[in-house]
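Here's the structure we're looking at; comments come further down.
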Protein chains: 2
Amino acid sequence: MAVTIKDVAKLAGVSPATVSRALSMPDLVRPPTREKVQRAVAELGYQPNPTAQGLVLGRTGNLGLIVPDLTNPFFPAVVKGVQTRARDFEYSVFLADANEDPVEEAALVRALTKQVDGILLCAPRMSEDDLRALVGATPLVLINRRSGRIPAVTIDNLAGVRQAVSHLAALGHRRVAYVAGPRASWSNRERVRALRGAAAAQEVDLVEVGTVAPQFAGGVAAADLVLAAGVTAVMAYNDLIALGMLSRFTDRGIDVPGQISIIGFDGIAMAEMVSPPLTTVAQPQDQIGRVGVDLLLEIMRSEDPAVARRRELPAQLMVRGSTGVPGPVD
Amino acid sequence: MAVTIKDVAKLAGVSPATVSRALSMPDLVRPPTREKVQRAVAELGYQPNPTAQGLVLGRTGNLGLIVPDLTNPFFPAVVKGVQTRARDFEYSVFLADANEDPVEEAALVRALTKQVDGILLCAPRMSEDDLRALVGATPLVLINRRSGRIPAVTIDNLAGVRQAVSHLAALGHRRVAYVAGPRASWSNRERVRALRGAAAAQEVDLVEVGTVAPQFAGGVAAADLVLAAGVTAVMAYNDLIALGMLSRFTDRGIDVPGQISIIGFDGIAMAEMVSPPLTTVAQPQDQIGRVGVDLLLEIMRSEDPAVARRRELPAQLMVRGSTGVPGPVD
DNA sequence: TTGAAAGCGCTACCAA
DNA sequence: TTGGTAGCGCTTTCAA
């Protein structure tokens, strides 16, 4: 076994209580004593056992983070934000990947619940019922989703979509397709709703070509449908889908943006790396993570569940090479 | 506070000891008693407190995983493998991202050490000294690195590099550049070594154009140097660098593979999504994670540090569109 | 087969 | 300012 507080106490010639105090409330102990303890700690290389601390303090010092799919570059960026901020407050983070499976999401939360002081949950398709069951079990912050009065950090989907539609309208596009993400996804529903409003307001015809997996392959599959829809521009639920379309267009010899313009959503790093670079509605990914942690800590500290705590972060259209004025329609 | 073992005991009309036994060694308790307990557990929704269990059992049920940069798609894939396998054995995993910083790597390991039963460490540039200091503190498995007798899972860099060089030689390339990753990286050193050997054996001139960050931007920067080196093909330390070069070549109007062939390393998903798709030496990313967990558990179980446990996984060249026969040299 | 009780390592209360 | 001690929730002897 490792060195315990008793070993330190013995070596320093004080009681375990004093060692504990010297470490956690140093000014309650006389300087000479404090130094004795510090020397003993250093000599023995003592580190408090977090499990024991956790047991007596009733807190673990851990945060849980659940994401749908780490393979989508959007989430690693969020994870990094969470980690950074969590470390600032000396929290460690449990990460769990739900593999895009609502059932796993719920199971993971349940498993994590006992191990952490709070959970950051990015579970776009978990049922509202499952969600409600979770709340109250542990402090919880939703990421990119809202539900009832559960604390949440989201982005301004409405503004993001509006910027995108205005951009296309200003370029002269009059007929635009939307390739949807998972039907159950909160973000997707929000974006569709915003899109319909914005399209109507800007007198743009909106063609909803259906739902695909929020992945590159989904975009590849959608590309041909989009082409058949006779539009001059297409917006995608996320960047991965947009990138898949771009790739398929390139393969089919369709010029982007000459023959069709593409707008993605998320602002993942990869969007800048393709050619042409992808115009996209960027989310502040690491900020989402950081703010999520802040919110969670706030909740954990002041356990007043009455106030619904929410943060809405801005979305920003990044205009890049994949959008341009519409070419002549064939 | 949540429901404890005492609550269950009271409701079931037995002692806490019996509840504990009924749960963890069911056949030591008479069936009728067992059922009473189970009913009480169900009614109260009791779940054992893992912290308390951890304290008495001396194990946490957690694994730690440290990666250099979650933003490199290679690592999320490894992380997924780790998670999957860990979950099979009812372990949770702490994930920490070291931000490509050797100092942070060491600090993270130290912080994690007390919280987990074992650590999977992917720290390509941590100094050997730091590494040695860690070993012994906690069961440890190195990922993509070898050091002394520390257990490790690596891939067969030598075979991978050989396949790549043979491929280029077979296509007729006689002068090939290598864009190196971090000088301190174990994998990079291995690959350079293998490359020199393979190039000599295949009578290929090797031009080492220097070291860049193992990221897209590094590749962009390297591309112009490569072009100036008068080679017909280039190999990169990893796919991100290769992708950066590809992008820069495209921007400069250089045809790939017409004017220059590119080979990456890692086999990240993105490599297939660009155009032309990237020829690359693929690592079995999720398998690396899974095998790492297996190895770690093995070590944790049989604490016989005498045997050096290692796994070397195969690397496989994926021939795709970014390599072809060399064009006429200008 | 079951229960009483000790104790994992630590913190915090109460006394001294 | 310090020490003794109870107890966090659980498991596991040791006895009954």
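All chains are named by letter (A, B, ...) in the order of the sequence lines, taking the proteins before the strands, and each is independently numbered beginning at 1. Hydrogens, waters and symmetry mates play no part in the numbers below; they use all other heavy atoms, side chains included.
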Interatomic distance, B:K10 NZ vs C:dA4 P [rounded to whole Å]: 13 Å
Would A:D88 and A:R85 count as a salt bridge (Lys or Arg N to Asp or Glu O under 4.0 Å) here? Give the steps. CA-CA 5 Å; A:D88 287 347; A:R85 199 77 184 120; 3.0 Å; yes
In whole angstroms, the gap separating P of D:dC10 from NZ of A:K114 amounts to 8 Å
Find the distance B:L44:CG to D:dG9:P and express it as a whole number of Å. 14 Å
Checking A:Q115 against A:T60 for the side-chain hydrogen bond (donor to acceptor under 3.5 Å, both in side chains) test, could you report, in this order, the C-alpha distance in whole Å, the side-chain angles of both residues, the deciding distance, and whether it holds? CA-CA 7 Å; A:Q115 309 239 48; A:T60 62; over 6 Å; no
Just to confirm, is there a sub-4.0 Å distance from OP1 or OP2 of C:dT11 to any side-chain nitrogen or oxygen of A:R21? no
Atom CG of A:L23 to atom P of C:dC10: distance rounded to whole Å? 10 Å
Checking D:dT11, C:dT1, D:dC10 against the side chain of B:T33 (C-beta onward), the nearest is C:dT1
Trace of the salt bridge (Lys or Arg N to Asp or Glu O under 4.0 Å) decision for A:K80 with B:D97: CA-CA 7 Å; A:K80 280 204 155 200; B:D97 180 316; 3.5 Å; yes
Starting from P on D:dT1, measure out to NZ on A:K36 and report it in whole angstrom. 14 Å
Is the phosphate of C:dG9, meaning OP1 or OP2, less than 4.0 Å from a side-chain N or O of A:Q53? no
Of B:S15 and A:V56, the one whose nearest nucleotide on DNA chain C sits closer to the 5' end is B:S15
Going by distance alone, is a donor N or O of one side chain under 3.5 Å from an acceptor N or O of the other, for B:N144 and B:S187? no
Can you check the A:L55 CG to D:dG7 P distance for me, whole Å? 14 Å
What integer distance in Å separates B:K6:NZ from C:dA5:C1'? 12 Å
Over all strands shown, is A:L57 touching base, sugar-phosphate only, or nothing at heavy-atom distances under 4.0 angstrom? sugar-phosphate
Relative to the 5' end of DNA chain D, which residue comes earlier, B:T18 or B:T51, by the nucleotide with the nearest heavy atom? B:T51
Can you check the A:R30 CZ to D:dG3 P distance for me, whole Å? 10 Å
Aromatic A:Y46 / basic A:R39 pairing, under 6.0 angstrom, 45° off normal: no
